[in-house]
Asks: 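What follows is a structure written as structure tokens; I'll ask about it next.
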Amino acid sequence: MSVRYTDVTAMLWLPFEAQRALTASLKQRLGGELGALDLRRFPDGEALVRLGSEVRDRDVALVVSLDHPDDKLLPLLFAAATARELGARSVGLVAPYLAYLRQDRRFHPGEAISARLFARVLARPLDWLVTVEPHLHRIHDLSQIYPIPAIAVHAAPALADWVASNVPRPLLIGPDEESGPWVEAVAARAAAPWVVGRKTRTGDRRVAVELPDNIARYTDVMPVLIDDVISTGRTLAMTARALVAAGLPAPVVAAVHGLFTPDALPAMREAGITKIATCNSMLHETATIDVAPLLADAIRSLAQHPGQAGGSATQKMAPRGSPA
Ligand code: R5P
């Protein structure tokens, strides 16, 4: 069986508007050509997608962060399917933020397990996927739900480097036990102590966070809250309040994906948080941590060693319709 892998140095990059700057940085690191993907909405909300670059016999990478996934999924599927119809050799997706992973089980009877369903739909027209710090909890590896080679880039090194160069005497705090393993990874690289709290969520905006009893023994430190996603901001706001109540200074925040509902920043600021840094996986005023170098390494390694990604890697990197 002959398999043609993605030639990353000749990649045609097709970003959605919000990811143009990040994509330009990927192109600068990896090579290829920055193409045009136009998305227009008709007055009734339907989407018209247009590929403004020739895709025939090209390896194509679509780039879009999947916050507000219900709005973006159809245009993305249209773009991927159109690239295929017009003769693209392979079509991959760089989704710096990958949606729907938090709903990874049926928490209440009758609920959809969105993580699995979304993966099944998204993967259909794609050959590969690269994302940053997906919220993997009960699903341990993207290959459990994505039937294509899929790499999860760990943002811990980028967060750790930001902490090391911006926060003197940091104490890293994860708001819940889930965050433990990767708060530990950030702490190891930043050479900082760390603790995790215990979170109880009783509603979208109703969160309680308890910190370990011995938190007050950390004196002369600057607390840094570490989380993978900021949505309503309540998790971090309540963690900040618990810290201040325990006699520590109001914390700074270093998080990966800043989704930020409109009320998130006010809630965090009201809780005393003044400095917030997120990754440029999402376009936002707080996005000062650059994940482009980590993403570029992952995309390069997927092209060179597709068998190391999750799923049936080698099979799926073959162009669709090529001889088996
Ligand atoms: C949850 O499991 C995640 O790690 C985040 O803690 C959560 O998504 C944050 O949500 P919010 O900002 O709405 O509290």
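In what follows, every heavy atom counts, from backbone to side chain, and hydrogens, waters and symmetry copies are set aside. Read the numbers this way: they start at 1 and go in the same order the structure lists the ligands and their atoms.
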Asks: Would you mind running through ligand 1 and noting each atom that sits below 4.0 Å from a heavy atom of E178?
Replies: 2 (O)
Asks: Salt-bridged, K199 to E210, with N to O below 4.0 Å?
Replies: no
Asks: Return yes if a side-chain donor-acceptor contact under 3.5 Å exists between Y100 and D70, otherwise no.
Replies: yes
Asks: Between D57 and R89, is there a side-chain N and carboxylate O pair less than 4.0 Å apart?
Replies: no
Asks: Around atom CZ of R105, are there more than 12 heavy atoms of other residues, nucleotides or ligands at under 6.0 Å?
Replies: yes
Asks: Provide, to 0.1 Å, the distance between atom 8 (O) of ligand 1 and the closest protein heavy atom, together with that atom's residue and name.
Replies: R102 NH1, 3.0 Å
Asks: Applying a strict 4.0 Å limit to heavy atoms, is H135 in contact with ligand 1?
Replies: yes
Asks: Just which atoms of ligand 1 are under 4.0 Å from any heavy atom in I230?
Replies: 12 (O)
Asks: Less than 4.0 angstrom from a charged side-chain N to a carboxylate O is my criterion; do R116 and D104 meet it?
Replies: no
Asks: Any non-hydrogen atom of R205 lying under 4.0 Å from ligand 1?
Replies: no
Asks: Rounded to the nearest 0.5 Å, how far does NZ of K27 lie from CZ of R20?
Replies: 11.0 Å
Asks: If the contact criterion is a heavy-atom separation under 4.0 Å, does R201 count as touching ligand 1?
Replies: yes
Asks: Does one side chain, of D263 or T261, offer a donor that lies under 3.5 Å from an acceptor on the other?
Replies: yes
Asks: Where on H137 is there a heavy atom closer than 4.0 Å to ligand 1, on the side chain, on the backbone, on both, or on neither?
Replies: neither
Asks: Among protein heavy atoms, which lies nearest atom 9 (C) of ligand 1, and at what distance?
Replies: V229 O, 3.4 Å
Asks: Output yes when the distance from some N or O of ligand 1 to some N or O of T235 is under 3.5 Å, and no in every other case.
Replies: yes
Asks: Is the number of heavy atoms from other residues, nucleotides or ligands within 6.0 Å of CD (E46) greater than 12?
Replies: no
Asks: Has ligand 1 got any nitrogen or oxygen that is less than 3.5 angstrom from a nitrogen or oxygen of D176?
Replies: no
Asks: Which of the numbered atoms in ligand 1 are below 4.0 angstrom from a heavy atom of R234?
Replies: 12 (O), 14 (O)
Asks: Hey, is the main chain of G272 close enough, under 3.5 Å, to the side chain of R269 for a donor-acceptor pair?
Replies: no
Asks: Take atom CD of Q28 as the centre, draw a 6.0 Å sphere, and report whether it contains more than 12 heavy atoms from other residues, nucleotides or ligands.
Replies: no
Asks: Please write down residue, atom name and distance for the protein heavy atom closest to atom 5 (C) of ligand 1.
Replies: D227 OD2, 3.4 Å
Asks: Can you figure out which of A264, P175, A255, G233 has its heavy atom closest to atom 12 (O) of ligand 1?
Replies: G233
Asks: Under 4.0 Å, heavy-atom basis, I'd like to know which part of D228 is in contact with ligand 1: side chain, backbone, both or neither.
Replies: side chain
Asks: Which residue owns the protein heavy atom closest to atom 13 (O) of ligand 1, what's the atom, and how far is it?
Replies: T232 OG1, 2.6 Å
